[in-house]
Amino acid sequence: MKKNIIVVLLLLTCVFAWAQTSNVDESSYYKVYSDVSLNHARETAQKLDAYFDFYSSYFHFDPTNLEGKLTLRLFNDKEDFDSYLTGIISETRDSFVFLQYSNAEKNELVGFMDTDKDKFNTYLAHYSMIQYLKSFVKNPPLWMQMGFAVYFEKCYYDPYEDTIVYIENLDWLNTLKGLLNEIDPEDYSRQVYVMTELLTMTPDSFSRNMEASYAEAWGLVYFLMNTSSKEYSRILWDSISLLNYESSRKENELQVINGAFGWATKNRLIGSFSNFILGTKTFPALVQDGMSQYNMQDYTASETSFMKAVELRDTHPLPYYYLGLINYTNGNYSAAQSYYDTSLAVGGEESFTYYAMGVNAYAAGQFSDARIYLQYSFQSDPSGYGEKAFELLTKIEEN
């Protein structure tokens, strides 16, 4: 017994020491402890305020209802993170964790720095969403909690604008398509069962089949957030408005099912849900469609596919290159030039992009510009597109 007391005292001493040595800074909504530096705590608190405002633009919770500032505790490495969690919950985690207590003032999001900045930012977006939601609703439906966490996890903070940039997350799309394809569209009882299971998802059922659970929760949120059907889009906002801070998860689920989903026929809802998800395409699929349509000379359809691809990933050069080709084909030389410029700016291959720019300038009668672009193409790869560039340069010079 005495030995156990000593161990507990040692753990409490470690936790107290961490709380004392961490750098602390406060913002409008957050109190951040960081083992990195005081400046890091300050920057993180500012970033979290931006996430708070971003989430609030969707949920519209009243910040005056908070019982205090939200807490984030960041450790410099995974080892200290593990030690801290082990002292509190006797286990550790591979990513961040939101610790929730009966006394909301003790709640805290706990994380650690990662050498992979993208992974760290994903953790921060994902778990700050969970912390935000559970700070206003102690026990939200699990599909809503996990669905929104995944829906927003690719968003990032822009320090120049002090705002959050939304990036669409389709990582779970193919997994969800596989699950939906297993459901017989004529099996109405199965459809009702699937939707009911999703709306009443429990922590145990979530853990037993985590991949399917994440995909389905994300998919329902994605569908309700993006559907053009007002009868379905209102379900989400009605669901949020029906949540009660003190209610249990089961009570909130019943409120949402009866008050928001109650009027919708379950098999019709999942049919619309399935059709929407199965019709959604990832960035690679859109690019492949665009290229095939371009080769078939269906330039209108190709342009639509590449524009949708840009919406999903605006830092990939290939869609801009093809949009340049399409506009060149349609005689829109100025627009083509703009797309080629953008393709190069985000890392496009110089040889064939400069060659395309040279051809475009030549067609527009801008011969001096054409010479420059074709020379760049030749210099980038003399044996590839450079040969074509040299041929067109010779033709220009002969004229």
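All values derive from a computational prediction rather than experimental measurement.
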Asker: For the pair Tyr151 and Phe148, name the ring-plane relationship: parallel under 30°, tilted 30 to 60°, perpendicular over 60°.
Answerer: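 Correct class here is perpendicular.
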Asker: Among Leu199, Thr200, Val256, Ile257, which one satisfies side-chain contact (heavy atoms from CB on, under 4.5 Å) with Pro141?
Answerer: Val256
Asker: Scan for salt bridge (Lys or Arg N to Asp or Glu O under 4.0 Å) pairs involving residues 344-361, sequence neighbours excluded, and state none if there are none.
Answerer: none
Asker: Hydrogens and angles aside, do Ser343 and Tyr322 bring a side-chain donor and acceptor to less than 3.5 Å of each other?
Answerer: no
Asker: Can you tell me how far the OG atom of Ser27 sits from the CZ atom of Arg42, to the nearest 0.5 Å?
Answerer: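 Ser27 OG to Arg42 CZ: 11.0 Å, rounded to 0.5 Å.
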Asker: Please list all pairs meeting salt bridge (Lys or Arg N to Asp or Glu O under 4.0 Å) that have one or both residues in residues 325-343, counting only residues at least two apart or in different chains.
Answerer: none
Asker: Does a salt bridge link Lys388 with Glu391, judged by any charged N lying under 4.0 Å from a carboxylate O?
Answerer: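 Between Glu391 and Lys388 there is no salt bridge, as every charged N stays at least 4.0 Å from the carboxylate O atoms.
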Asker: Examine the side chains of Tyr222 and Glu168 and answer whether a donor and an acceptor come within less than 3.5 Å of each other.
Answerer: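 Yes, Glu168 and Tyr222 have a side-chain donor paired with an acceptor closer than 3.5 Å.
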Asker: Which residues pass the side chain to side chain donor-acceptor pair (under 3.5 Å) test with Ser305, not counting sequence neighbours?
Answerer: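 Applying side chain to side chain donor-acceptor pair (under 3.5 Å) to Ser305 gives Gln293.
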Asker: So, Phe367 versus Tyr362, ring centres under 6.0 angstrom or not?
Answerer: yes
Asker: Aromatic contact between Tyr340 and Tyr320, with the criterion being ring centroids under 6.0 Å apart: yes or no?
Answerer: no
Asker: Within a 6.0 Å radius of atom CE on Met225, are there more than 12 heavy atoms belonging to other residues, nucleotides or ligands?
Answerer: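 More than 12 heavy atoms, drawn from other residues, nucleotides or ligands, come within 6.0 Å of this atom.
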Asker: Looking only at side-chain N and O atoms, does Asp204 offer a donor or acceptor that is under 3.5 Å from a partner on Thr202?
Answerer: no
Asker: Kindly list each side-chain donor-acceptor pair under 3.5 angstrom involving residues 171-180, sequence neighbours excluded, with atom names and distances?
Answerer:
unit_1 : atom_1 : unit_2 : atom_2 : d
Asp171 : OD2    : Lys154 : NZ     : 3.1
Lys177 : NZ     : Thr280 : O      : 2.6

Asker: What class does the angle between the rings of Tyr132 and Phe59 fall in, given that below 30° is parallel, 30 to 60° is tilted and above 60° is perpendicular?
Answerer: tilted
Asker: I'd like to know if the side chain of Ser272 pairs up with that of Tyr232 as donor and acceptor (distance under 3.5 Å, no hydrogens or angles considered).
Answerer: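 Note: Ser272 and Tyr232 side chains meet the donor-acceptor criterion.
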Asker: How about NZ on Lys106, more than 12 heavy atoms from neighbouring residues, nucleotides or ligands closer than 6.0 Å, or not?
Answerer: no
Asker: Main chain of Tyr333, side chain of Asn360: is a donor-acceptor contact present, judged purely on distance under 3.5 Å?
Answerer: yes
Asker: Taking atom NZ of Lys281 as the centre, report whether more than 12 heavy atoms of other residues, nucleotides or ligands fall under 6.0 Å from it.
Answerer: no
Asker: Please tabulate, one pair per line, all N/O donor-acceptor pairs under 3.5 Å involving side-chain atoms of residues 123-131, not counting sequence neighbours.
Answerer:
unit_1 : atom_1 : unit_2 : atom_2 : d
His126 : ND1    : Glu153 : OE1    : 2.8
Tyr127 : OH     : Ser95  : OG     : 2.8
Ser128 : OG     : Tyr55  : OH     : 3.0
Ser128 : OG     : Leu124 : O      : 2.7
Ser128 : OG     : Ala125 : O      : 3.2
Gln131 : NE2    : Thr71  : O      : 2.8

Asker: Return the set of residues passing side chain to side chain donor-acceptor pair (under 3.5 Å) with Ser368 (not counting sequence neighbours), or none when no residue passes.
Answerer: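 Partners of Ser368 under the side chain to side chain donor-acceptor pair (under 3.5 Å) test: none.
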